[in-house]
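Structure first, then comments.
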Amino acid sequence: QVHLIESGGKLVQAGGSLRLSCAASGRTFSMYAMGWFRQAPGKEREFVAVIGGGDRPWYADSVKGRFTISRDHTKNTVYLQMNSLEPEDTAVYYCAAGPYSDRYSEYDYWGQGTQVTVSS
C-alpha cells in the first residue's frame, strides 16, 4: 500500500553534512507519520526522527540539534538533513511509514535502506 525508497547515503567525513531522501507512494500515504531509523552492524535498529500531522518533529536525543526531518507533501517525500556527522552515525538508514512513534515494531512499511558511512 505504501512503497518507500531511500536515497542519498554515501561516505562522508566527520563533521560533514548529508541529506537523505525517502520517496513514498500509495493511496494511504497521508494517513501515516514518516520516520527515520538506523541500524549499525551488531546493533539493534534505533529511532532517529519522525514527522507527523502538522509536520510535528520528534528526535532521538543522540541527533537532536544536528539532524532535521522535513516533509514535502507535494512530492510525497521526506528528508533527513544530517549535520555535524560523527562516526557513531554510521549505519544503514531506513525510512518508515506508521504511527507517530519511536518504536520500530509499530511501523507498517519500510524502505530497503541506504548506507551512511562517516569516517574519522
Side-chain angles (χ1 to χ4, degrees):
Q1 298 181 48
V2 178
H3 305 281
L4 307 172
I5 302 176
E6 304 98 333
S7 63
K10 62 184 290 185
L11 173 66
V12 63
Q13 292 186 341
S17 297
L18 194 62
R19 189 180 75 164
L20 305 182
S21 299
C22 176
S25 63
R27 289 179 176 270
T28 61
F29 173 75
S30 62
M31 297 177 59
Y32 298 94
M34 297 295 299
W36 285 97
F37 290 77
R38 66 187 183 185
Q39 188 165 23
K43 297 183 65 178
E44 196 170 290
R45 190 169 301 188
E46 67 173 350
F47 170 75
V48 176
V50 63
I51 187 165
D55 290 343
R56 295 173 298 155
W58 178 15
Y59 300 97
D61 289 342
S62 60
V63 307
K64 195 174 300 181
R66 300 189 298 122
F67 291 10
T68 302
I69 188 170
S70 62
R71 197 171 188 170
D72 186 335
H73 295 274
T74 64
K75 296 181 178 179
N76 290 334
T77 300
V78 64
Y79 304 95
L80 185 68
Q81 177 66 47
M82 304 184 293
N83 298 326
S84 301
L85 283 163
E86 305 166 352
E88 292 74 21
D89 296 317
T90 295
V92 176
Y93 283 70
Y94 300 90
C95 65
Y100 194 75
S101 174
D102 63 349
R103 303 170 184 173
Y104 68 85
S105 62
E106 295 187 0
Y107 282 76
D108 300 295
Y109 302 99
W110 293 87
Q112 293 297 111
T114 186
Q115 176 71 49
V116 173
T117 302
V118 184
S119 64
S120 60

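Note that this is a predicted model, so its numbers are computed, not measured.
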Could you tell me which non-hydrogen atom of [X] sits nearest to which non-hydrogen atom of [Y], and how far apart they are?
| X | Y | answer |
| --- | --- | --- |
| D108 | P99 | OD2-CD, 4.4 Å |
| K75 | Y79 | CD-OH, 4.2 Å |
| G9 | L20 | N-CD2, 3.6 Å |
| V92 | G113 | CG1-CA, 3.8 Å |
| S21 | W36 | O-CH2, 3.8 Å |
| A14 | P87 | CB-CD, 4.1 Å |

Practice problem: In sequence, state the C-alpha distance, the side-chain angles, and the governing distance for R38 and V63, and then conclude on side-chain contact (heavy atoms from CB on, under 4.5 Å). | Solution: CA-CA 12 Å; R38 66 187 183 185; V63 307; 4.0 Å; yes

When you compare the side chain of [Y] with that of [X], does any pair of heavy atoms fall below 4.5 Å?
| X | Y | answer |
| --- | --- | --- |
| M34 | I69 | no |
| Y93 | L18 | no |
| M82 | R66 | no |

For the atom pair [atom1] ([X]) and [atom2] ([Y]), what is the distance rounded to the nearest 0.5 Å?
| X | Y | atom1 | atom2 | result |
| --- | --- | --- | --- | --- |
| R56 | R71 | CZ | CZ | 11.0 Å |
| D55 | S70 | CG | OG | 8.5 Å |
| E86 | S120 | CD | OG | 12.0 Å |

Practice problem: With side-chain contact (heavy atoms from CB on, under 4.5 Å) as the test, would you mind laying out the steps for T114 and S7 before giving the verdict? | Solution: CA-CA 6 Å; T114 186; S7 63; 5.6 Å; no

Quiz item: What class does the angle between the rings of Y32 and Y109 fall in, given that below 30° is parallel, 30 to 60° is tilted and above 60° is perpendicular?
Solution: perpendicular

Quiz prompt | More than 12 heavy atoms of other groups within 6.0 Å of I5 CD1 | solution = no

Exercise. May I ask whether V48 and V118 are part of the same hydrophobic cluster, defined by side-chain heavy atoms of I, L, V, M, F, W, Y residues being less than 4.5 angstrom apart, directly or through others?
Key: yes

Quiz item: Same cluster for Y107 and L80 if Ile/Leu/Val/Met/Phe/Trp/Tyr side chains link at under 4.5 Å?
Solution: no

Quiz item: Can the ring centres of W58 and Y100 be said to be less than 6.0 Å apart?
Solution: yes

Quiz item: Between Y104 and W110, does the ring centre distance come in under 6.0 Å?
Solution: no

Self-check item: Residue pair L85, F67: steps toward the side-chain contact (heavy atoms from CB on, under 4.5 Å) verdict
Solution: CA-CA 9 Å; L85 283 163; F67 291 10; 3.9 Å; yes

Quiz item: Regarding R45 and the six-membered ring of F37, is the cationic atom NZ or CZ under 6.0 Å from the ring centre and inside 45° of its axis?
Solution: no

Quiz item: Under the 3.5 angstrom rule, does the side chain of E6 hit a backbone N or O of C95 as a donor-acceptor pair?
Solution: yes

Quiz item: So, the side chain of T117 versus the backbone of T90: is there a donor-acceptor pair under 3.5 Å, distance only?
Solution: no

Quiz item: Are L4 and Y94 close enough, and set up right, to give a side-chain contact (heavy atoms from CB on, under 4.5 Å), and what steps lead you there?
Solution: CA-CA 9 Å; L4 307 172; Y94 300 90; over 6 Å; no

